[in-house]
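Chain naming here is simple, since letters A, B, ... match the order of the sequence lines and numbering starts at 1 in each. For clarity, every value in this text was computed on a predicted model and none was experimentally measured.
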Amino acid sequence: MNVAIDLANLVAIALIIYGLHELNSPATARRGNRFAMGGMAIALAGILIRTQGIGWQVVAIGVAIGAIVGIYAALKVKMTAMPQMVALYNGAGGGAAALISTVEHYVAHGSSMNDVISVSLVLSAIIGSVSFAGSIIAFLKLQEVMTGRPLTYPGQQFVNGVVLLAILGLAVWFVVTSGTLPAWGYVVLLLAALLLGVLFVLPIGGADMPVVISLLNSFTGVAVAITGFELDSTLLIICGALVGASGTILTVAMSRAMNRPLTNVLFGAFGAAGGTVVAGAGGAPQQVRATSADDVAVMLAYANKVIFVPGYGMAVAQAQHSVKALADQLEKRGVKVLYAIHPVAGRMPGHMNVLLAEANVPYDELLDLEDANTELPTADVALVIGANDVTNPAARNVPSSPIYGMPILDVDKAKNVVVLKRSMRSGFAGIENPLYELPNASMLFGDAKASVDALTAAVKAL
Amino acid sequence: MNVAIDLANLVAIALIIYGLHELNSPATARRGNRFAMGGMAIALAGILIRTQGIGWQVVAIGVAIGAIVGIYAALKVKMTAMPQMVALYNGAGGGAAALISTVEHYVAHGSSMNDVISVSLVLSAIIGSVSFAGSIIAFLKLQEVMTGRPLTYPGQQFVNGVVLLAILGLAVWFVVTSGTLPAWGYVVLLLAALLLGVLFVLPIGGADMPVVISLLNSFTGVAVAITGFELDSTLLIICGALVGASGTILTVAMSRAMNRPLTNVLFGAFGAAGGTVVAGAGGAPQQVRATSADDVAVMLAYANKVIFVPGYGMAVAQAQHSVKALADQLEKRGVKVLYAIHPVAGRMPGHMNVLLAEANVPYDELLDLEDANTELPTADVALVIGANDVTNPAARNVPSSPIYGMPILDVDKAKNVVVLKRSMRSGFAGIENPLYELPNASMLFGDAKASVDALTAAVKAL
Amino acid sequence: MALVPETVARFVKSGLAVAVERGAGSEATFADELYTQAGATTAGDAAALLRDAGVIVTVGRPSDAMLADVRAGSIVVGFLNPLGDPEYLKRLAAAGVTALAMELIPRITRAQSMDALSSQSNISGYKAALLAAAALPKFFPMLTTAAGTIPPAKVLVLGAGVAGLQAIATARRLGAVVSGYDVRAVVKEQVESLGAHFLEFDLGSDAEGAGGYAKELTAEQQERQRAWMVEQIGANDVVITTALVPGRKAPVLISEAAVAAMKPGSVIVDLAAEAGGNCALTVADQTTVSPNGVTIVGTTNLPATMPADASRLYSRNVYALLSPWIKDGTLAIDMDDEVAKGAVVTHDGKVLIGGNA
Amino acid sequence: MALVPETVARFVKSGLAVAVERGAGSEATFADELYTQAGATTAGDAAALLRDAGVIVTVGRPSDAMLADVRAGSIVVGFLNPLGDPEYLKRLAAAGVTALAMELIPRITRAQSMDALSSQSNISGYKAALLAAAALPKFFPMLTTAAGTIPPAKVLVLGAGVAGLQAIATARRLGAVVSGYDVRAVVKEQVESLGAHFLEFDLGSDAEGAGGYAKELTAEQQERQRAWMVEQIGANDVVITTALVPGRKAPVLISEAAVAAMKPGSVIVDLAAEAGGNCALTVADQTTVSPNGVTIVGTTNLPATMPADASRLYSRNVYALLSPWIKDGTLAIDMDDEVAKGAVVTHDGKVLIGGNA
Amino acid sequence: MTDISHLVSLLTVLLLAVFVGFEVISKVPTTLHTPLMSATNAIHGIVLAGAILVTAGLFASSHGAALTILAVAAVTLGAINVFGGFAVTERMLEMFRRKDSGR
Amino acid sequence: MTDISHLVSLLTVLLLAVFVGFEVISKVPTTLHTPLMSATNAIHGIVLAGAILVTAGLFASSHGAALTILAVAAVTLGAINVFGGFAVTERMLEMFRRKDSGR
Ligand SMILES: NC(=O)c1ccc[n+]([C@@H]2O[C@H](COP(=O)([O-])OP(=O)(O)OC[C@H]3O[C@@H](n4cnc5c(N)ncnc54)[C@H](OP(=O)(O)O)[C@@H]3O)[C@@H](O)[C@H]2O)c1
Ligand SMILES: NC(=O)c1ccc[n+]([C@@H]2O[C@H](COP(=O)([O-])OP(=O)(O)OC[C@H]3O[C@@H](n4cnc5c(N)ncnc54)[C@H](OP(=O)(O)O)[C@@H]3O)[C@@H](O)[C@H]2O)c1
Ligand SMILES: NC(=O)c1ccc[n+]([C@@H]2O[C@H](COP(=O)([O-])OP(=O)(O)OC[C@H]3O[C@@H](n4cnc5c(N)ncnc54)[C@H](O)[C@@H]3O)[C@@H](O)[C@H]2O)c1
Ligand SMILES: NC(=O)c1ccc[n+]([C@@H]2O[C@H](COP(=O)([O-])OP(=O)(O)OC[C@H]3O[C@@H](n4cnc5c(N)ncnc54)[C@H](O)[C@@H]3O)[C@@H](O)[C@H]2O)c1
């Protein structure tokens with residue numbers, strides 16, 4: 001029997017790893033998740049068989065509650081609240097690891113345990129608790145129960161240091177005494193670890209939460225792997241290590257996608273809720289969402305209709321050939337690409353025409369103002385390539401604006417607007433563009449040619 | 001002590017895996033090889049310590065001979081003979097695995113062994129022998145001691161089947177008797193396995209040998225992993241499995257790079273030594289080397305000077321913008337790119353100029369015939385993009401040719417010539433181009449635009 | 001032709017009655033029937049038409065004879081050259097008309113669609129490059145042929161406003177190696193945004209003035225500029241000049257010495273000919289050849305050589321200008337409108353100029 | 001100008017003495033000094049020059065008056081129109097000269113660099129597109145401007161040989177929407193290789209003849225072609241025609257009905273004007289306007305409007321033709337050479353034509 | 001000794017699993033970051049297995065109800081982690097469905 | 001039982017190593033195919049370790065010289081595999097050196 005279970009475990013592990021592999025690409029991700037689920041199911045079934053149903057009633061109760069709560073919440077929650085949901089579930093995992101250690105500790109109470117067990121027990125308790133508490137704070141921040149702003153206070157570093165030292169001291173004590181330290185010792189240890197989790201996440205801004213959650217996810221992975229040593233379970237070791245390692249890679253990738261080093265995210269005490277605040281053209285702060293070429297690439301590749309809106313920035317960057325290459329790449333995937341040409345885009349009449357003709361863009365893909373404004377509301381993405389004034393909604397609705405009354409391209413009516421420019425600087429008219437703050441807009445900063453080339457490469461790689 | 005060795009082994013494994021990881025990219029490959037060497041050194045040192053020097057004299061003799069032979073041959077052999085060298089070394093590994101099993105078999109002789117050992121012993125003996133014999137045949141074929149042509153004869157399938165069945169039968173007998181079968185049984189098993197290796201490789205053509213060697217490499221990996229079970233060594237299991245798996249991936253990648261399914265390579269009994277024979281423009285067969293975008297990309301990316309030679313095919317494919325993009329990509333890497341414009345390339349005077357100007361190629365990168373022929377001998381690669389007649393050396397040296405006397409671009413004087421065209425069809429003059437058979441020429445078949453785009457992507461990925 | 005049938009139809013739709021002089025559109029390829037189809041009436045008697053009209057739209061300016069027929073209180077729209085000929089304005093005022101000078105429409109964002117200077121300059125720039133290519137005894141593009149390689153022509157565009165930029169774009173399209181030059185510093189990026197090269201010359205100060213136009217240079221700056229030009233010009237086969245300073249004589253950029261430095265067969269197209277020319281040897285409305293064989297094209301009204309598109313663009317500009325003021329079938333200029341403040345040069349018998357120009 | 005200084009220098013270097021009529025190069029921007037610098041002598045007396053010369057290089061053909069001065073046994077090279085005017089050949093033969101007709105150089109690969117028909121056609125095609133753009137009252141390119149969007153001009157090129165392809169390329173560079181048409185089937189791919197559209201019309205047979213030239217169509221095919229053209233032509237603003245069949249009158253592709261189907265202001269540039277014209281209304285050497293306002297340009301010698309490059313290319317062709325026959329400072333035609341077999345039309349007092357043409 | 005060798009074999013497994021974890025996540029498009037994070041999250045839900053083992057262990061000998069409650073809490077949390085994690089991932093991946101039909 | 005559990009742990013290691021092997025080779029440019037093949041080739045030279053173990057084992061009890069010769073042959077072959085393999089790889093990778101300086 002046990003041999004069968006062992007072999008089933010191997011299958012489970014293979015399925016989980018393969019599932020993770022498939023999760024790498026949008027095309028296979030769903031299948032990958034199913035594989036991982038299958039592997040998990042086999043592994044859990046194996047455990048139930050192995051425990052021969054001892055205590056199945058209480059286990060059943062626990063599983064039932066957990067499954068119902070977990071699935072119900074997962075299905076009910078709004079799409080936008082997904083990140084905090086992930087945080088919560090991660091916290092649950094960390095909490096479970098810490099609880100397992102706690103139970104084991106009290107079961108063994110008094111009798112001394114071997115070094116492997118004592119070390120792994122105390123480590124999994126600490127890391128699990130940190131992950132648990134940290135995840136809850138992350139949840140509260142994202143759910144806006146707590147302010148998304150970084151919470152800092154004087155002497156913060158010192159307090160953190162003290163807590164960390166306390167934990168280390170207690171942990172060493174625990175190992176040295178082979179787990180036979182007085183009862184309060186363990187309790188204090190746990191509380192200190194929980195506190196550390198809270199303190200760790202508090203100073204981090206809401207915008208950076210996804211990176212933090214990913215890091216806590218990999219912490220939980222590590223905790224679970226260590227729990228594996230504690231319980232002598234290769235299953236836990238492997239799954240935990242898998243998550244610990246892949247989570248680390250992911251965390252780094254995520255912070256890189258935000259164009260920030262990880263250390264900056266974690267210890268920068270910097271970054272605010274939902275978007276980056278940058279100085280707008282007028283000097284006043286504008287809160288915009290900076291995005292990455294990879295993200296935009298997915299958006300473009302899975303769109304039905306994309307409208308390119310070229311402006312003077314495309315001309316300055318001489319990006320016309322790159323723009324055509326991107327359009328070709330998208331059209332190859334069945335995406336419909338059109339170009340909206342504003343009458344005064346650029347710096348001379350017909351500026352965009354000259355450049356796009358040079359790049360061999362067929363005339364029938366060029367829309368003039370009226371046609372473009374008919375098409376834009378049905379577009380999935382409006383990709384604004386170095387245009388600014390000609391997309392400024394202030395011309396429509398701010399009578400005091402110097403450009404009020406100029407007909408503009410209604411890019412804000414598209415499902416998504418991505419703006420390619422180098423900075424928040426203004427265009428010819430020298431005014432701020434409220435477009436950039438709209439919820440459906442995001443900015444891809446950088447030279448237009450470089451950005452468009454990056455998009456082409458990213459679309460190709462999908 | 002042993003604990004230290006165990007931990008050192010973990011380090012060794014980590015180094016080997018990490019080295020393999022680094023071998024994935026040209027930029028880090030050398031470092032990767034060094035890491036793997038380091039890991040190997042640690043592992044071997046560990047083994048020597050563990051055996052406490054028992055029999056060190058004979059071991060030293062064996063190692064010394066092996067090291068001297070191996071390194072000497074590796075350093076002396078010509079660059080072009082590398083593949084057969086790899087085959088030989090691979091055969092050595094397979095042979096060693098088979099010998100280990102043989103020794104173990106005779107050591108245990110008579111006394112029955114447990115199932116894990118008997119199964120692994122017989123498997124590693126068989127697979128090791130197949131790999132050993134197959135590698136030697138591959139070596140002989142590539143070294144041209146034996147003909148590179150596929151050797152086939154009627155009833156081949158049947159003979160192979162009989163040998164395979166014999167091996168299987170003996171193997172089962174071996175396991176069932178727990179290794180206590182009569183002495184001749186094991187000997188016959190070994191011989192049959194060696195024979196199978198020979199029979200397996202004989203019908204495969206010289207051009208396909210690299211794929212076969214890679215497959216045999218992964219066989220040896222599997223044999224070593226199984227030897228690990230036999231000797232209860234995780235070191236051997238891990239290294240063997242690593243090679244078995246990565247070797248399989250590599251084999252598939254290699255046959256894909258040759259545009260042939262693996263089964264075709266192995267069982268096609270098809271493919272001749274050094275190049276593909278195709279019908280030339282005149283109907284007579286021409287022996288040319290077809291290459292892949294990945295290969296050409298590396299050639300281009302690591303070149304100092306590349307000269308593009310556009311012709312009518314670039315115009316037909318309307319590849320001018322793609323060509324410019326490739327040039328940009330190469331220039332970004334510091335490669336010098338020039339364009340050689342033949343006076344009658346294309347179908348109207350200045351045809352190439354019109355197209356390249358459209359793609360914004362700066363005029364000062366365009367070389368006319370004379371300048372181009374001064375530059376070409378110093379170029380690392382001449383990339384001929386849909387040109388044919390204007391590169392035909394027959395114009396220089398075949399007085400009977402209808403184009404004799406026309407000045408041509410001496411692309412054959414460049415270190416490497418890569419020709420992008422769709423087929424072996426002729427150009428305007430309707431004649432065969434002997435350029436394609438030169439040893440420094442290779443063909444990248446396909447529509448010029450598609451090929452150039454593939455090159456750009458491949459260069460970017462490097 | 002000041003109004004094309006398409007625009008006439010739009011005016012008619014907004015309730016105005018439009019009358020067109022018979023045959024006026026034929027030059028610009030618009031036959032009388034097209035106008036009647038668009039809802040206009042046509043008549044042969046221009047004087048009668050003028051007497052009836054509440055709004056008179058022309059391209060150039062009505063002659064004094066015509067002004068005699070114009071009703072007092074009516075509106076006249078056209079290129080009136082108010083800065084060049086202040087006397088004429090007095091006559092307009094005397095006639096009692098409200099005159100809108102197209103060249104004085106302020107360069108504010110909202111008025112871009114009314115900006116006939118831009119739309120006509122655009123045509124001039126395009127046509128100047130074509131004329132230069134036609135006049136040059138050589139190819140513009142580089143061509144490698146069996147009979148040898150033809151090097152590309154070198155084109156220099158002086159003054160990169162609307163016309164200059166379009167000339168740059170057109171010459172580049174034809175395959176010439178193009179450089180541009182201007183006194184305003186912002187232009188460098190604009191020239192480069194067309195893929196051309198910008199010639200840098202340090203004037204010591206930026207010459208950007210009001211409304212995006214250039215200021216006049218000091219005498220010393222002009223002298224230095226001309227000297228520098230003598231060095232630059234010889235390398236070019238074609239020079240297209242478009243440098244203007246509103247209300248002034250065009251700056252002379254190409255001295256006689258500079259022309260002498262050019263190779264025989266070279267071509268100069270001087271779009272500033274009407275304002276006195278950017279080249280010292282330019283004769284307005286004539287193509288002359290310098291002693292050393294340089295062709296100098298002193299054309300003054302290039303848009304007239306592309307009448308169909310020139311009329312189409314001009315009439316759209318006029319429509320954009322007037323339509324916001326049409327209410328319930330009548331046109332009443334809102335004199336507080338920023339555009340009116342700039343463009344109205346006479347009103348109620350008074351000359352208003354100086355207010356915004 | 002048949003020889004430019006650069007080529008003169010090469011002839012001089014290979015040992016020939018070159019004499020140039022004084023002032024002959026000025027039109028093509030080559031001053032007399034350049035010739036003397038290149039090693040030629042210049043003289044004012046053309047008759048004396050002719051009497052002295054062993055080889056006479058011209059662009060067109062020597063007049064009968066000039067022939068009177070030519071030495072018997074000398075070599076004459078130029079466009080001699082041998083198929084169009086056989087009578088002239090007899091006069092050449094009578095003068096005892098060995099005459100090489102540039103237009104009869106065979107279209108073999110080796111002779112590409114001597115092919116003056118190609119090099120001059122190339123100029124014609126380029127210039128034809130420029131002329132059309134200059135004559136059209138509209139823009140070639142599409143332009144989206146504040147005053148509205150200007151649609152691109154539509155250009156149709158009939159006959160896509162050397163001149164036609166270059167016209168296509170040039171019109172496309174200027175931003176027009178271009179289609180091409182030819183009777184030879186291979187041309188489709190060539191037109192498309194320039195990014196233009198090919199108009200397909202099923203003639204029932206391919207009309208590719210010897211040397212890559214077209215064959216003459218049957219009367220029935222011509223009729224069908226003309227009828228089809230009437231349908232096609234109205235959609236275009238510009239038609240450039242280059243259709244030629246060697247030695248025949250040019251095929252009439254555009255009937256009067258077709259011209260009538262075009263919009264006023266449209267432009268036809270007929271490069272076949274000299275051979276009778278591809279358009280029924282073409283008048284050679286004149287620009288006419290049809291009753292419905294279509295401008296028809298019947299220009300016959302476009303290369304002459306680009307004298308510098310035309311001369312440069314032509315003289316390189318001549319050099320490529322003659323230089324293989326120069327040995328030790330004398331020129332002796334190898335009458336067995338395939339090129340000579342094709343191009344020599346009179347020799348030793350006999351007319352040789354019919355041999356290869 | 002066996003203890004040690006057992007530990008070494010666990011460490012070997014750990015090492016290899018870490019490598020698999022590092023290698024398996026290659027260039028993921030940014031949009032997959034969150035689903036991937038969520039999926040790995042669900043995978044460490046395997047801690048549920050540990051919680052079940054521990055709970056079962058409590059029943060082997062007698063311990064206080066307090067410990068049982070803690071153990072069941074661990075089971076519950078683990079279950080939330082597994083079930084919720086996979087469900088969330090599944091929902092997030094819904095948005096890539098279009099692709100399958102879209103192309 | 002322990003035998004079995006030992007086997008299972010070896011199999012676990014095998015499984016993970018196989019995954020590492022699969023994952024570690026991602027998109028290799030074709031030119032690296034041969035060096036990579038050669039490097040993996042050298043890695044299975046670890047069989048030398050096995051050969052050494054076996055040889056040492058022979059000395060623990062007495063066996064015929066024949067077996068010793070076989071064992072030494074195994075050692076020799078293994079050594080050829082390791083040393084030759086790495087050396088060949090190193091030489092092949094020489095050609096990528098230019099890059100480091102070239103850029
Ligand atoms: N068409 C005409 O005839 C004409 C003539 C004169 C004036 N104008 C005026 O010009 C304006 C045209 O509008 P528009 O939207 O085309 O241009 P715009 O409003 O001037 O905006 C251009 C934007 O492109 C960005 N940019 C510049 N270089 C870039 C590069 N290399 N890569 C990426 N982004 C770059 C700039 O932002 P960063 O600096 O942050 O990158 C800038 O905000 C209108 O205000 C119009 O009235 C037009
Ligand atoms: N320039 C002139 O004025 C002029 C005029 C008339 C004739 N010619 C003659 O034309 C020839 C020009 O030489 P060339 O070297 O430019 O051209 P070429 O000799 O005609 O060769 C062109 C080659 O391009 C390949 N090709 C065609 N379409 C392709 C595509 N879509 N993708 C990739 N390859 C493609 C063809 O091979 P596959 O079919 O195998 O792809 C063909 O062999 C000379 O013989 C010249 O004498 C020139
Ligand atoms: N509303 C708007 O936003 C709007 C509309 C149209 C034009 N503009 C801008 O206004 C500017 C002027 O346009 P324009 O074409 O009507 O100008 P213009 O015709 O008055 O002058 C042409 C050019 O000559 C240049 N110039 C003057 N003196 C010179 C000298 N000594 N040397 C060299 N160059 C000299 C000027 O700088 C200008 O660029 C342009 O930058 C144009 O983009 C803005
Ligand atoms: N040696 C060489 O390889 C070489 C050199 C130069 C030209 N060529 C080729 O020779 C061919 C002819 O060149 P050309 O320009 O001197 O030809 P051309 O001037 O004699 O004729 C011009 C074009 O008109 C076309 N035409 C004739 N009758 C027509 C009709 N009824 N309707 C439509 N089109 C008609 C012809 O097919 C030709 O393409 C071209 O394809 C050219 O590429 C080859």
Side-chain angles (χ1 to χ4, degrees), chain B residues 16-17 20-21 23-24 26 29-30 33 37 44 47 51 54-55 58-59 62-63 65-67 69-71 74 85-86 89-90 92-93 95-97 99-100 103 106 116 214 217 220-221 224 227 231 234 236-243 245-247 249-250 254 257 292 294-295 298 302 334, chain F residues 7 10 13-14 17-18 20-22 24-26 28-33 35-41 43-47 49-56 59 63 67-68 70-93 96 98-99 103:
Chain B
I16 289 173
I17 295 176
L20 210 48
H21 175 98
L23 270 155
N24 260 317
R30 278 160 62 85
N33 197 41
M37 275 187 212
L44 291 177
I47 286 295
T51 58
I54 299 175
V58 293
V59 167
V63 169
I65 298 175
V69 171
I71 295 179
M85 218 58 222
V86 174
Y89 293 157
N90 179 55
L99 282 179
I100 289 175
V103 172
Y106 287 107
V116 172
S214 175
N217 178 35
T220 304
V224 170
T227 309
L231 304 179
T234 41
L236 265 69
I237 294 179
I238 292 172
C239 289
L242 212 54
V243 177
S246 63
I249 297 281
L250 199 56
M254 284 169 83
S292 75
D294 281 334
D295 271 330
V298 174
Y302 292 96
Chain F
L7 177 62
L10 291 186
V13 165
L14 177 74
V18 166
V20 173
F22 278 138
V24 83
I25 304 293
S26 43
V28 211
T30 324
T31 339
L32 273 181
H33 282 171
L36 196 57
M37 171 163 76
S38 162
T40 54
N41 183 342
I43 289 171
H44 62 50
I46 192 71
V47 72
I52 294 175
L53 274 181
V54 169
T55 312
F59 284 82
H63 293 282
L67 277 191
T68 309
L70 281 185
V72 172
V75 169
T76 310
L77 288 180
I80 289 181
N81 194 176
V82 177
F83 290 96
F86 278 120
V88 163
T89 312
E90 193 70 15
R91 261 195 76 190
M92 279 193 279
L93 290 176
F96 291 100
R98 179 128 61 91
K99 186 218 171 143
R103 261 204 279 173

- Walk me through it: do F/Leu70 and F/Leu67 pass the test side-chain contact (heavy atoms from CB on, under 4.5 Å)? CA-CA 5 Å; F/Leu70 281 185; F/Leu67 277 191; 4.2 Å; yes
Contact winner vs chain B - [options], heavy-atom pairs under 4.5 Å:
options	value
F/Thr55, F/Leu14, F/Val20	F/Leu14
F/Gly85, F/Ala73, F/Gly21	F/Gly21
F/Val18, F/Val75, F/Leu36, F/Val13	F/Leu36
F/Gly78, F/Ala87, F/Ala56	F/Ala56

- Which value, rounded to the nearest 0.5 Å, describes the distance between B/Ile54 atom CD1 and F/Ile52 atom CD1?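 So the CD1 of B/Ile54 and the CD1 of F/Ile52 are separated by 12.5 Å.
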- Donor-acceptor under 3.5 Å (B/Tyr89 side chain, B/Ala74 main chain):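 Yes, because the side chain of B/Tyr89 sits within donor-acceptor range (under 3.5 Å) of the backbone of B/Ala74.
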- Query: Just by distance, do the side chain of F/Asn81 and the backbone of F/Asn41 share a donor-acceptor pair under 3.5 Å?
  - Reply: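 Such a contact is found between F/Asn81 side chain and F/Asn41 backbone.
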- Looking only at heavy atoms, which two atoms of B/Met254 and B/Ser214 are closest? And how far apart?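 Here B/Met254 and B/Ser214 meet closest at SD-CB, 3.7 Å.
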Picking from [options], which has the most non-hydrogen pairs under 4.5 angstrom with chain F?
options	value
B/Ile16, B/Thr220, B/Ile17	B/Thr220
B/Leu242, B/Asn217, B/Leu99	B/Asn217
B/Gly95, B/Ala97, B/Gly240, B/Gly55	B/Gly55
B/Val116, B/Leu231, B/Thr234, B/Val58	B/Val58
B/Leu44, B/Thr227, B/Val103, B/Val59	B/Val103
B/Asn33, B/Ile237, B/Val224, B/Ile249	B/Asn33

- Query: chain F heavy atoms under 4.5 Å from B/Val63: which part of the residue, side chain, backbone, both or neither?
  - Reply: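 Contact with chain F: backbone and side chain both.
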- Query: Which bit of B/Met37 is near chain F, if near means a heavy-atom gap under 4.5 Å: side chain, backbone, both or neither?
  - Reply: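 When you check distances to chain F, atoms from both the backbone and side chain of B/Met37 fall under 4.5 Å.
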- Message: Holding to side-chain contact (heavy atoms from CB on, under 4.5 Å), I want the full list of residues that pass it with F/Leu53, two or more places apart in sequence or in another chain.
- Response: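 Scan of F/Leu53 (side-chain contact (heavy atoms from CB on, under 4.5 Å), adjacent residues dropped) gives B/Ile47, B/Thr51.
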- Query: Can you list the residues that meet the side-chain contact (heavy atoms from CB on, under 4.5 Å) rule with B/Ile65, with sequence neighbours excluded?
  - Reply: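 If we apply the side-chain contact (heavy atoms from CB on, under 4.5 Å) test to B/Ile65, skipping adjacent residues, the hits are B/Ile61, B/Val69, F/Thr76.
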- Could you look at F/Ser38 and say if it's the side chain, the backbone, both or neither that has a heavy atom under 4.5 Å from chain B?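 The answer is both parts of F/Ser38.
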- Contacting region of F/Val82 [heavy-atom separation from chain B under 4.5 Å]: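 The side chain, not the backbone.
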- Query: Hey, are the side chains of F/Leu93 and B/Leu23 touching, using non-hydrogen atoms and a 4.5 Å cut-off?
  - Reply: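 In contact.
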- Message: In the structure I gave you, are the side-chain heavy atoms of F/Leu32 and B/Asn24 within less than 4.5 Å of one another anywhere?
- Response: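 Side chain of F/Leu32 against side chain of B/Asn24, heavy atoms only: no contact under 4.5 Å found.
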